Every structure is written in C-alpha cells, then in structure tokens.
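Sharing a structure below in structure tokens format, with a few things to ask.
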Protein chains: 2
Amino acid sequence: MPKDRPPTRIQKKNRAAILEAALEVFSAHGFRGATVDQIANQAGLSKPNLLYYFPSKDAKFTALMSELLDTWLDPMREIDAEGDPLEEILAYVQRKLQMSRDFPRESRLFANEIVQGAPRMLDALSTDLRVLLEEKEAVLLAWMAAGKINQTHPKHLMFSIWALTQHYADFDVQVRMLMEGEDPFDAAPEFLETLYRRMLTPKS
Amino acid sequence: MPKDRPPTRIQKKNRAAILEAALEVFSAHGFRGATVDQIANQAGLSKPNLLYYFPSKDAKFTALMSELLDTWLDPMREIDAEGDPLEEILAYVQRKLQMSRDFPRESRLFANEIVQGAPRMLDALSTDLRVLLEEKEAVLLAWMAAGKINQTHPKHLMFSIWALTQHYADFDVQVRMLMEGEDPFDAAPEFLETLYRRMLTPKS
DNA sequence: GTTGGATTTGACCAACTGGTCAAACTCACG
DNA sequence: CGTGAGTTTGACCAGTTGGTCAAATCCAAC
C-alpha cells in the first residue's frame with residue numbers, strides 16, 4: 001500500500017496487467033467462479049502481490065467495472081440528435097456490433113453480472129445507464145414525432161439493439177457452433193442493417 | 001443408492017424438490033457460483049441427503065439440463081412448415097417470449113452456461129439444437145424461395161429471435177430497472193410482432 | 001554506494017467447498 | 001408386530017478459497 005503519490009512506472013504496469021488478467025478470468029467464469037489464484041497466474045504475479053495492488057477480490061472487480069462502463073456506453077453517447085435519424089440509429093447498431101466483435105470479454109463480463117442479478121453493478125447502472133437511456137429516449141421520441149422514423153416503443157427499441165448486438169459476443173460459442181466455421185460477423189452487419197432499416201423507415 | 005426398481009413416492013418427491021432447488025440456485029449463480037449447501041438449504045434437505053439422490057454436484061446439473069433442454073426447444077419444434085409462413089414465425093416469437101416470462105430461471109440457467117463457454121452443455125447443443133436449427137433453416141429458406149417472406153439470412157434470423165426474446169429473461173434486472181416499475185412484458189409482444197412483421201412481410 | 005520507501009513473496013490461517021461414511025431412523029409389506 | 005430395504009444425518013475429511021504478515025528484495029534519488 002504505497003502512499004498517496006503519483007503512480008510509479010511499476011504501479012502502472014502491474015495495475016494494468018492485473019486488470020487485464022481480471023477481465024480475462026472474470027469474463028470467463030463470473031465473479032464467484034473466478035479465483036484470485038487464476039487472476040494471479042494469468043497476470044504472471046504472485047497472489048499476495050495482487051492483494052498489494054487491490055485490497056480484495058471485490059476491489060479488483062469494482063475497479064474493472066468502473067474502468068469499462070464508460071467505454072461500454074460510449075457508442076450510445078455518440079448518437080447525435082442533430083444527425084439523420086435513421087442513419088444515426090444504424091450507425092449506433094454497427095458501433096455496438098463492432099464492440100461485440102472487438103471486445104467480447106467486456107460484453108461477457110457485463111452479461112455474467114447482469115444475468116446473476118447485477119449485485120455489484122446495479123448502482124452504477126441505475127445512475128449512468130438510466131440517465132443516458134432517458135436522454136436518448138427523448139431523442140428517439142422527437143424523431144418519431146417528426147415522422148423521421150416509424151413510431152415504436154423507444155425503450156424496447158434500445159433493448160432490441162443491445163440484445164441483438166451483444167448476443168454475438170455473449171453467446172459466441174453457441175453462434176459459432178451453429179455457423180460451423182463461418183464467421184458470424186461476416187453477415188451480421190448486413191442482417192442488422194436490413195432489419196432496422198425495414199423496421200424504422202417511415203412508410204411513404 | 002437404491003436398487004434398480006421403480007422410484008418410490010419419496011424418491012419422486014425428493015428428486016423433484018432437489019431439481020427445483022438446483023434450478024433456483026444454478027440459475028442465480030451459475031455452476032461454479034452455486035454451492036451444494038445452498039441447494040440443500042433451498043430444497044429443505046441435508047447435504048448428504050442430496051448426495052444420496054444425485055452422486056455429485058455435476059450430476060445434479062446434468063440431470064437438470066437434460067430435463068429442461070427438450071422443453072426449452074419445444075417452441076422451435078412447433079414451427080409448422082405447412083402453416084402460413086409469417087404467422088408461423090410470429091407465433092414462434094410469441095411462444096419464446098412467453099417462455100421468457102414464465103420460465104426466466106430456465107433461460108438464465110442456459111444463459112449462464114453459454115456465456116461461460118458452455119463447458120457442460122456443448123455436446124447436447126451440438127446435437128439436439130444443431131439438428132433442429134438445420135431443419136427449420138430449410139423451412140425458412142423454402143418460404144423465402146417461394147416469396148412468402150423477405151429474403152434474409154435464416155440463421156441470423158433465428159439468432160435474432162433468441163436474442164430478443166431471451167433478453168427479457170436474462171437481463172431482467174436491467175430491463176426492469178430501466179422501465180421503472182412498468183412490466184416489460186406489457187409492450188414487448190406488440191413491439192416484437194411489429195418488428196418481425198416489418199422485417200419479413202414481402203414487398204408488394 | 002547508501003538509504004528509505006516501494007515491491008515481492010513464502011508461509012500461514014480460518015472459512016468454505018464437495019464429498020464420504022457408519023450409524024441411526026423410517027416405512028411398506030408380509 | 002417384525003424385518004429388511006429405503007432413507008436420513010452428524011461427524012468428518014482433504015482440497016480450495018480469500019486474505020494476512022513479517023521478512024526479504026528491489027529500486028530510485030541522493
């Protein structure tokens with residue numbers, strides 16, 4: 001437990017290594033299923049050394065979550081109320097899909113936690129996510145009122161985007177098993193674009 | 001370990017109680033996160049007594065999975081190649097949605113397992129589910145070829161139905177937190193019907 | 001190089017885990 | 001009843017888990 005000073009070179013390196021290892025292990029086994037030994041092993045450090053940088057298993061998990069939540073919500077923040085409605089939504093879907101392809105461990109980390117009732121995350125979600133969703137819900141409602149996109153339930157629309165895009169990361173093993181070698185991310189972008197285009201394009 | 005006889009009254013009752021308790025606990029914490037003590041407690045039996053009916057934690061889990069998998073896949077089996085294509089698909093979506101509402105623990109049990117790589121389930125999935133999906137994929141392709149529904153990627157279409165409907169069970173806490181008391185299952189049926197109707201209705 | 005804080009670890013601990021076992025108890029049936 | 005199979009459990013065990021701690025080592029600045 002070093003003093004309250006700017007982090008040293010070693011501190012930066014080891015903290016990063018620990019969080020990377022924690023992501024690997026927590027995302028694969030969930031909080032309870034993961035062991036500190038596994039994380040230590042993955043990070044190439046001894047167990048007491050991990051406890052030197054983060055005082056408990058909980059602290060590691062919490063640090064990881066708060067570091068990732070912001071990044072995780074970025075694609076939604078980028079939805080621009082001034083942009084073209086349909087294109088903004090389609091771009092959001094593609095950003096989320098890319099997150100699932102490029103950061104599947106992060107997706108599974110959140111999925112694991114939420115499926116099990118989010119006991120360590122509900123607070124963060126009920127502030128950050130809730131506020132963000134309400135903001136974008138208002139944007140969607142405005143677009144619908146202006147006839148730019150079809151009328152629909154804005155919250156369920158957002159849920160559907162999360163469900164469809166995260167499914168490719170969270171259920172990766174199942175999807176890949178059923179696609180027999182073919183990469184799901186080859187066809188998914190087009191599939192989702194078509195789906196939301198048909199769903200949202202206003203009737204002429 | 002009783003002999004190989006027809007199960008007694010007590011055996012039936014206790015096996016059922018154990019599997020019910022196992023469903024409750026495994027679905028809430030995943031396999032590794034669940035403890036035999038928790039299950040025993042939930043079932044109102046002693047730990048050694050559980051081990052008398054199922055020789056290990058693994059055996060309980062496996063028995064539970066194989067009991068539930070068939071039921072879980074039933075909605076897909078009911079898709080009728082002879083029925084009206086669009087209505088068959090819409091009805092399938094509604095059946096899956098009802099499963100999420102009425103059997104959320106079952107959904108979360110599978111979700112937990114698959115998110116973590118399905119180490120104890122991949123075999124069952126890669127036979128039962130794979131065969132069933134390929135059968136229904138052929139049906140969908142026939143419907144598309146006949147112009148009854150829009151052309152699209154049949155596997156991704158099925159994935160989308162699973163993702164959208166199971167999301168309401170698997171991410172229940174998040175969905176309910178964001179809906180602030182309103183029941184997600186009030187609006188979900190209509191939302192999903194509209195979505196798939198717009199997606200699949202052939203252009204005139 | 002010396003020195004003082006930063007870093008690392010081997011040894012250890014109490015709590016918990018899945019599982020065993022012999023002994024006790026219960027129950028259906030003759 | 002009684003009797004034998006079916007059922008239940010308290011006590012126990014070895015392995016694992018998250019976490020502690022004093023001692024050893026490293027490293028940057030003087």
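A, B, ... follow the sequence lines: proteins, then strands. Residue 1 opens every chain. For clarity, every value in this text was computed on a predicted model and none was experimentally measured. Atom set for the values below is all heavy atoms of this structure, side chains included, hydrogens, waters and symmetry mates excluded.
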Between D/dG19, C/dG10, D/dG10, which nucleotide has the shortest distance from any of its atoms to the side chain of A/K57?
->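 Closest nucleotide to the A/K57 side chain: D/dG19.
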Nearest-Å distance, CG (B/D58) to P (C/dT17)?
->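 Going from CG in B/D58 over to P in C/dT17 covers 17 Å.
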Would you please confirm or rule out a distance under 4.0 Å between OP1 or OP2 of C/dA28 and any side-chain N or O of B/R9?
->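 Checking C/dA28 against B/R9, a side-chain N or O does come within under 4.0 Å of OP1 or OP2.
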Does A/Q11 have a side-chain nitrogen or oxygen under 4.0 Å from the phosphate oxygens OP1 or OP2 of C/dA6?
->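 Looking at the OP1 and OP2 atoms of C/dA6, neither is under 4.0 Å from any side-chain N or O of A/Q11.
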CD1 of A/I39 versus P of D/dG19: gap in Å, rounded?
->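 After rounding, the reported distance stands at 10 Å.
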Among D/dT20, C/dT9, D/dT8, which is the nearest nucleotide to the side chain of B/Y53?
->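 Looking only at heavy atoms from C-beta outward on B/Y53, the closest nucleotide is D/dT8.
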Rounded to the nearest 0.5 Å, how far apart are CG of B/L86 and CD of B/E88?
->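 Result: 10.0 Å between the selected atoms.
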Among C/dT20, D/dT20, D/dT8, which nucleotide sits nearest the side chain of B/P48?
->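 Looking only at heavy atoms from C-beta outward on B/P48, the closest nucleotide is C/dT20.
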To the nearest angstrom, how far is A/I18 atom CD1 from C/dT8 atom C1'?
->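 From A/I18 CD1 to C/dT8 C1': 12 Å.
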When all nucleic acid strands are considered with a 4.0 Å heavy-atom cut-off, which category describes A/A59: base, sugar-phosphate, or nothing?
->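 The residue A/A59 makes no contact with any strand.
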Protein-nucleotide distance (B/R32, atom CZ; D/dT16, atom P), rounded to Å |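 Going from B/R32 (CZ) to D/dT16 (P), I get 11 Å.
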Atom CG of B/D37 and atom P of C/dA15: how far apart are they, to the nearest Å?
->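 Spelled out: CG on B/D37 to P on C/dA15 is 16 Å.
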D/dT8 phosphate, OP1 or OP2: any side-chain N/O from B/N14 under 4.0 angstrom?
->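 Yes, within the criterion.
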Value in whole Å for how far the C1' atom of C/dT8 lies from CG of A/L45 |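 Rounded to the whole Å, the gap is 9 Å.
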Identified side-chain hydrogen bond (donor to acceptor under 3.5 Å, both in side chains) partner of B/E24 from the options B/R105, B/H29, B/Q42 |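 Exactly one option meets the side-chain hydrogen bond (donor to acceptor under 3.5 Å, both in side chains) with B/E24, and it is B/R105.
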Look at the aromatic rings of B/F159 and A/Y168 and report parallel, tilted or perpendicular, splitting at 30° and 60°.
->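 If you compare the ring of B/F159 with that of A/Y168, the planes turn out perpendicular.
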Give a yes or no on this: more than 12 heavy atoms of other residues, nucleotides or ligands lie within 6.0 Å of atom CD of A/E134.
->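 More than 12 within 6.0 Å, yes.
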Nearest-nucleotide wise, let me know which of B/I10 and B/K47 is further upstream toward the 5' end of DNA chain D.
->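 Checking each residue's closest nucleotide, the 5'-ward one belongs to B/I10.
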Given C/dT20, C/dT7, D/dT8, the nucleotide with the shortest approach to the side chain of A/Y52 =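 Closest of the options to the side chain of A/Y52: C/dT7.
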Give B/A40 one of three labels, base, sugar-phosphate or nothing, depending on what nucleic acid heavy atoms sit under 4.0 Å from its own.
->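 Nothing, no heavy atom under 4.0 Å.
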Given the rule in the side-chain hydrogen bond (donor to acceptor under 3.5 Å, both in side chains) test, do A/S160 and A/Y196 qualify, once you have shown the distances and angles that lead to the verdict?
-> CA-CA 10 Å; A/S160 77; A/Y196 282 107; 2.6 Å; yes
Is the phosphate of D/dT7, meaning OP1 or OP2, less than 4.0 Å from a side-chain N or O of B/T8?
->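 Yes, within the criterion.
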Return the value, rounded to whole Å, for the distance between atom CD of B/Q38 and atom P of C/dG19.
->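 Distance check: B/Q38 CD to C/dG19 P gives 15 Å.
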Would you kindly compare B/L50 and A/F31 by the position of their nearest DNA chain D nucleotide and give the one closer to the 5′ end?
->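 Upstream on the strand: B/L50.
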Rounded to whole angstroms, how far apart are CG on B/N49 and C1' on C/dG19?
->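 Whole-Å distance recorded here is 14 Å.
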